[in-house]
Structures are given as structure tokens and as C-alpha cells.
2 protein chains.
Amino acid sequence: MNTYQERQFDALGDVTRRALVERLRRGPLPVGELAQGLPVSRPAVSQHLRILKEAKLVRDEASGTRRYYSLDPNGFAMLRKYLDNFWGEALEAFQAKVEEK
Amino acid sequence: MNTYQERQFDALGDVTRRALVERLRRGPLPVGELAQGLPVSRPAVSQHLRILKEAKLVRDEASGTRRYYSLDPNGFAMLRKYLDNFWGEALEAFQAKVEEK
DNA sequence: GCTTACGGTAAGTGAATACTTACCAAGAGC
DNA sequence: GCTCTTGGTAAGTATTCACTTACCGTAAGC
């Protein structure tokens with residue numbers, strides 16, 4: 001497991017950050033709207049977005065005074081690749097051991 | 001995202017627990033061997049295993065005084081299902097938005 | 001029955017981390 | 001130029017949570 005994946009799992013290991021990711025499924029949103037409805041302050045959201053960005057799970061793009069965040073397909077692709085490999089390898093090995101009993 | 005997936009992401013959001021899962025890829029192991037080589041104490045490993053078990057990521061099976069832990073294929077299947085759905089939905093929607101620009 | 005091996009649990013501590021308020025920078029509109 | 005909106009950052013606090021030591025229960029072997 002490389003550094004990126006470590007950070008990605010750590011990033012997804014928090015309820016608020018998962019909520020942010022969920023909100024971004026529909027498409028890009030500015031910080032203010034992302035914070036709206038969440039039980040935490042806007043600065044807290046900014047800090048979470050930074051962590052998600054460092055994990056390559058989100059991207060940001062400035063537009064005037066607003067800054068739009070969106071899911072980062074590349075980062076998610078990397079995560080998916082790792083998980084596909086994990087399942088392919090480990091679970092087949094597991095099934096083999098189960099059946100040999 | 002239902003309760004199980006919440007717990008699964010939380011469970012995977014810790015380095016030690018990810019290390020345990022990595023070790024279990026090769027097959028079932030008793031607690032002692034799992035703890036061997038890790039920089040934490042055996043009771044710490046027990047506590048982590050409990051969290052992984054509650055998240056349905058591992059199973060355990062007693063055998064004499066030993067207790068063998070292994071990956072839980074059902075739990076991982078649930079996680080995979082969620083992620084597949086996530087990618088299918090969200091990233092297609094994302095691509096659509098990108099292309100319409 | 002006694003000892004040894006294995007592992008779960010309790011209780012307490014320390015460190016990581018999620019949160020707050022206060023402040024500052026940058027762009028848009030008048 | 002001034003104001004308003006938007007959002008990042010700093011500093012401090014509080015809570016979560018990972019870890020330790022100590023203890024106990026259970027199975028196996030002599």
C-alpha cells in the first residue's frame with residue numbers, strides 16, 4: 001500500500017469527510033454550500049477539504065470569490081485499482097483455503 | 001451509506017488495522033502471530049480485531065486455546081458493492097458535467 | 001490437579017485530531 | 001476606492017481514540 005492509498009483510507013475514515021464526498025457525488029459545489037446543513041462550522045469544512053485534496057479525492061477550481069470542489073476521478077481510480085487487486089488476490093486465496101478444508 | 005459501511009470506513013481509517021487486514025490476505029492467523037512484528041502490544045491487536053469484527057471485515061474461529069482470524073468475504077463484498085455503485089453513479093455524472101462545459 | 005499458553009477485558013494515560021473563534025486575503029459590484 | 005462576499009489560515013481547546021499494564025478465563029499437556 002503506497003502513501004496515497006494510506007492517505008485516502010485515512011481521509012475516508014471520518015464521518016464529516018464522508019459526508020462531503022457524498023455531497024459531491026451530484027457534482028461540484030462551492031465551500032459555502034458544502035458547509036450548509038453540516039453540523040460543523042465552515043472553517044472546519046475547509047480543513048476537511050484540504051485533507052481530501054491531499055489524498056487526491058477532491059479537486060478545487062476557483063471561480064471569482066467562490067471555489068468549487070469536485071470529486072477527483074484520478075484519485076478514485078487509484079483507490080479502485082488497489083481494491084480490485086486486493087479482492088482479486090486475497091479473496092481467491094481465501095476461498096481456496098475454505099474449500100480445501 | 002448504511003451503518004455497516006460507516007463502520008467499515010472507520011475501521012479502515014487506521015494504520016494498524018490496515019496492517020492487520022494486509023496480513024490476513026494470505027490466510028487465517030491466530031492473534032499471537034498477527035501481533036508478531038507489529039509495533040504495538042497484543043492487547044492492542046485484540047482491540048483492533050474487535051473493531052474489524054464489528055465492521056464485518058474479519059471473522060474469528062476458536063481452535064483450542066488459539067483463535068484464528070480471517071477476512072470476512074461477506075463484509076468485503078458489501079463494501080465492494082457500495083463502491084461499485086458509487087463509482088458507477090457519481091463518476092459518470094461527473095464526466096457528464098465535465099464534457100458539457 | 002497444576003502449570004503453561006493463548007487471548008479477551010478493564011482501567012487509566014497520552015497523543016492525535018476534529019472543532020471553535022478570530023483574523024486576513026482576494027475578487028466582484030456599486 | 002469602498003464594501004460585501006467568499007473562503008483559507010492561525011491559535012487554542014476539547015474530545016476522541018489508540019495504547020499500555022494488570023488481570024482474568026479457558027483449553028491443553030504433563
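All heavy atoms count here, side chains included; hydrogens, waters and symmetry mates do not. Proteins come first, then strands; the chains are lettered A, B, ... in the order of their sequence lines, and each starts at number 1.
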Residue pair B:Val21, A:Phe86: steps toward the side chain to side chain contact (heavy atoms under 4.5 Å, CB included) verdict = CA-CA 10 Å; B:Val21 169; A:Phe86 179 86; 3.6 Å; yes
So which nucleotide from C:dG7, C:dT20, C:dC19 ends up closest to the side chain of B:Arg42?
-> C:dG7
Interatomic distance, A:Tyr68 OH vs D:dG8 C1' [rounded to whole Å] = 17 Å
Reported CZ-to-CG distance for the pair B:Phe76 and B:Leu71, which is rounded to 0.5 angstrom = 5.0 Å
Atom-pair distance (CZ on A:Phe9; C1' on C:dT17), nearest Å | 20 Å
Nearest to the side chain of A:Val31 - D:dT20, D:dA18, D:dG7?
-> D:dG7
Could you give the CG-to-C1' distance, from A:Leu38 to C:dT20, as a whole number of Å?
-> 16 Å
Does the pair B:Leu20 and B:Leu38 meet the rule for a side chain to side chain contact (heavy atoms under 4.5 Å, CB included), with working shown?
-> CA-CA 9 Å; B:Leu20 290 171; B:Leu38 286 186; 3.6 Å; yes
Respond yes when some side-chain nitrogen or oxygen of B:His48 is under 4.0 Å from OP1 or OP2 of D:dC19, and no when none is.
-> yes
Does B:Ser63 place a side-chain N or O at less than 4.0 Å from the phosphate oxygens OP1/OP2 of D:dA27?
-> no
Say whether, by atom type as modelled, one donor and one acceptor occur between the side chain of A:Arg18 and the main chain of A:Leu12 under 3.5 angstrom.
-> yes
B:Arg17, nearest nucleotide to its side chain (from D:dA18, C:dT20, C:dA18) | D:dA18
Look at the side chain of A:Arg17 and the backbone N and O of A:Ala11, then say whether any donor-acceptor pair between them is shorter than 3.5 Å.
-> yes
Side-chain atoms of B:Pro30 come closest, of C:dG7, C:dC19, D:dG8, to C:dG7
Phosphate-side-chain proximity, A:Thr65 and C:dG27, N/O vs OP1/OP2 below 4.0 Å = no
Of the candidates C:dA18, D:dT5, C:dT20, the side chain of A:Gln47 sits closest to C:dT20
Between A:Pro43 and B:Leu49, which is nearer to the 5' end of DNA chain C once each is assigned its nearest nucleotide?
-> B:Leu49
Nearest-angstrom distance from the residue atom CD of B:Glu33 to P of C:dC6 = 10 Å
Any side-chain N or O of B:Arg50 under 4.0 Å from OP1/OP2 of C:dG7?
-> no
With the side chain defined as heavy atoms from C-beta on, B:Val40 is closest, among C:dG8, D:dA18, D:dT20, to D:dT20
Would you kindly compare A:Asp10 and A:Pro39 by the position of their nearest DNA chain C nucleotide and give the one closer to the 5′ end?
-> A:Asp10
Send over the distance from B:Arg67 CZ to D:dA28 C1', rounded to a whole Å.
-> 16 Å
Given atom CG of B:Leu34 and atom P of C:dG7, what is their separation to the nearest angstrom?
-> 9 Å
Distance test, side-chain N/O of A:Ser41 to OP1/OP2 of C:dC19, below 4.0 Å | no
Once you round it to whole Å, what is the distance between C1' of C:dA18 and CG of B:Asp14?
-> 16 Å
Establish, with yes or no, whether the OP1 or OP2 oxygen of C:dC6 is under 4.0 angstrom from a side-chain nitrogen or oxygen of B:Arg66.
-> yes
Does B:Glu54 CD have over 12 foreign heavy atoms under 6.0 Å away?
-> yes
Please give, in whole Å, the distance from C:dG8 P to B:Glu54 CD?
-> 13 Å
